[in-house]
**Q** 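Could you have a look at this structure, given as structure tokens, before my questions?
A, B, ... follow the sequence lines: proteins, then strands. Residue 1 opens every chain.
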Protein chains: 2
Amino acid sequence: MIVAVDCSVFGFDGQHLKILLIKRGFEPCVEEWSLMGGFVQPDESADEAANRVLKTLTGLSGLYLEQLQTYTKVDRDPIERTVSIAFFALIDIHQYEQRLNDQFHAEWFKLDEIPDLIFDHPQMVQTARQKLRYKAALHPLLFELLPQRFTLPLLQSLFEDVYETKFDKGNFSRKIISTGMLIKQKEKDRAGSKKGRFIISWIKNITGRTFTPS
Amino acid sequence: MIVAVDCSVFGFDGQHLKILLIKRGFEPCVEEWSLMGGFVQPDESADEAANRVLKTLTGLSGLYLEQLQTYTKVDRDPIERTVSIAFFALIDIHQYEQRLNDQFHAEWFKLDEIPDLIFDHPQMVQTARQKLRYKAALHPLLFELLPQRFTLPLLQSLFEDVYETKFDKGNFSRKIISTGMLIKQKEKDRAGSKKGRFIISWIKNITGRTFTPS
DNA sequence: AAAATAAATGTAAATATGACAATTAATACC
DNA sequence: GGTATTAATTGTCATATTTACATTTATTTT
């Protein structure tokens with residue numbers, strides 16, 4: 001039986017949460033859109049395979065990567081029996097090397113503009129979205145989508161896009177700051193603002209802190 | 001590559017949450033304890049394989065079954081490269097047919113008395129426990145471990161065992177009743193109680209209700 | 001100086017939590 | 001019948017959290 005991995009790669013361009021899809025260059029289903037994937041090799045685990053695939057696609061290592069679920073329907077791949085271990089990955093979209101776009105015919109899509117996908121990839125994407133919301137409500141996760149240095153309004157707009165709602169500015173600020181995960185920098189980001197927004201960064205691997213936006 | 005399933009089967013005997021383990025009757029690791037598992041056949045999905053395995057082991061169909069995670073370390077099986085899709089199942093321990101015990105050398109273990117297990121099965125069990133707690137806090141799940149008809153004190157002792165803590169009787173009752181999922185029956189269970197406890201049952205598939213015990 | 005806007009702070013109602021006490025009800029046992 | 005036992009429900013109260021909305025302060029551009 002063939003074992004594959006498929007990755008839902010999320011990014012945030014400052015406006016919207018997006019997902020990275022590729023146009024397949026090989027059979028079956030050439031020229032159709034799909035998640036980026038690959039086969040698990042004899043000498044690697046699924047995590048290693050997913051990391052390898054992501055490195056190839058994005059040029060980045062050490063991305064936030066989480067196993068989602070394994071898809072095993074008998075006829076999910078029309079050619080040969082394949083089970084696919086689905087992952088989702090979070091990346092700082094600005095670190096993504098655009099030159100790789102051409103090589104893999106990759107493109108970022110807004111989540112409400114996703115084209116038809118092959119196989120059970122639509123399901124994978126849906127499950128990935130659900131899990132992202134579910135988990136981000138309890139764990140500091142969405143920071144992975146931002147640059148190391150960002151601003152509070154940007155963070156808020158990310159949360160708002162992920163949860164498709166608006167949050168109160170004051171409450172959001174209080175809550176997010178109370179986690180103790182953010183470090184306010186001296187500098188400001190002056191782009192498109194009179195006063196300028198403080199740059200903040202965050203502490204990875206803080207133990208045990210969880211939060212939910214209000 | 002070989003694809004297998006392994007199931008953490010949970011039951012509740014009225015006192016403690018327990019897990020069903022088997023003593024392997026075949027190589028590798030004969031006579032060692034392990035989760036019940038099996039190989040995914042060419043004509044079945046992993047869910048179907050898990051259900052088949054569970055049917056064989058417990059005599060029961062339609063158990064609550066949830067995919068956990070897939071384990072893929074290269075050398076996890078010393079004989080041949082095998083990936084294993086881990087599941088956890090919840091069963092009403094009283095429906096379990098004891099006669100199957102002998103056939104599979106199966107035994108129920110309290111969670112703090114689990115023997116050494118083969119391969120990465122200890123990890124699977126740990127992940128299953130975590131997920132059970134995590135999910136049961138937000139979804140009506142633990143009912144699956146009880147008979148169709150049970151009592152409130154029994155439900156509470158189940159929660160207390162799962163979360164290894166005590167809950168306030170009044171608060172627990174208010175909270176659990178406020179979900180609207182319970183139906184109080186006319187009859188009572190008189191075993192070991194002066195007054196007798198009302199039999200209750202629960203409504204499956206109620207939409208969207210979540211709860212956490214206090 | 002005026003306008004803009006980020007960031008922080010204030011406040012108040014509504015709701016939830018958690019601990020504990022008290023009451024009511026049903027039944028077994030003497 | 002009376003008493004003990006325990007299930008089930010209800011009361012209460014302090015505390016914490018959530019949510020909505022308003023205000024203040026600070027910083028910078030024009």
**Q** Which nucleotide, C:dA6, D:dT18, D:dT9, lies nearest any side-chain atom of A:Pro153?
**A** C:dA6
**Q** I need the A:Lys188 NZ to A:Thr151 OG1 distance, nearest 0.5 Å.
**A**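 Taking NZ in A:Lys188 and OG1 in A:Thr151, the distance rounds to 11.5 Å.
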**Q** Examine distances only and state if a side-chain atom of B:Asp189 and a backbone atom of B:Ile199 form a donor-acceptor pair shorter than 3.5 Å.
**A** no
**Q** Any side-chain donor paired with an acceptor under 3.5 Å for A:Gln185 and A:Ser201?
**A**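 Indeed, the side chains of A:Gln185 and A:Ser201 share at least one donor-acceptor pair under 3.5 Å.
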**Q** Please state how far atom CG in B:Asp189 lies from atom C1' in C:dT27, giving the value in whole angstrom units.
**A**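 So the CG-C1' distance, B:Asp189 to C:dT27, works out to 13 Å.
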**Q** Rounded to whole angstrom units, what separation is found between the CD atom of B:Glu160 and the P atom of C:dG18?
**A**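 From B:Glu160 CD to C:dG18 P: 14 Å.
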**Q** How would you list all residue pairs meeting salt bridge (Lys or Arg N to Asp or Glu O under 4.0 Å) that involve residues 134-143 of chain B, not counting sequence neighbours?
**A**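 For residues 134-143 of chain B, and leaving out neighbouring residues, the salt bridge (Lys or Arg N to Asp or Glu O under 4.0 Å) pairs sorted by first residue read B:Glu66-B:Lys135.
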**Q** Among A:Val40, A:Leu35, A:Val5, A:Val9, whose side chain to side chain contact (heavy atoms under 4.5 Å, CB included) with A:Val53 holds?
**A** A:Val5
**Q** Which residues pass the side-chain contact (heavy atoms from CB on, under 4.5 Å) test with A:Ser34, not counting sequence neighbours?
**A**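 For A:Ser34, the residues satisfying side-chain contact (heavy atoms from CB on, under 4.5 Å) (neighbours in sequence not counted) are A:Ile22, A:Arg24, A:Ile118, A:His121.
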**Q** Going 5' to 3' through nucleotides 21-30 of chain D, assign each nucleotide B (protein heavy atom under 4.0 Å from a base atom), S (under 4.0 Å only from sugar-phosphate atoms) or - (no protein heavy atom that close).
**A** B----BBSS-
**Q** For B:Glu187 and D:dA8, give me the distance from atom CD to atom C1', rounded to whole Å.
**A** 17 Å
**Q** Rounded to whole angstroms, how far apart are CZ on B:Phe167 and C1' on D:dA7?
**A**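 B:Phe167 atom CZ is separated from D:dA7 atom C1' by 19 Å.
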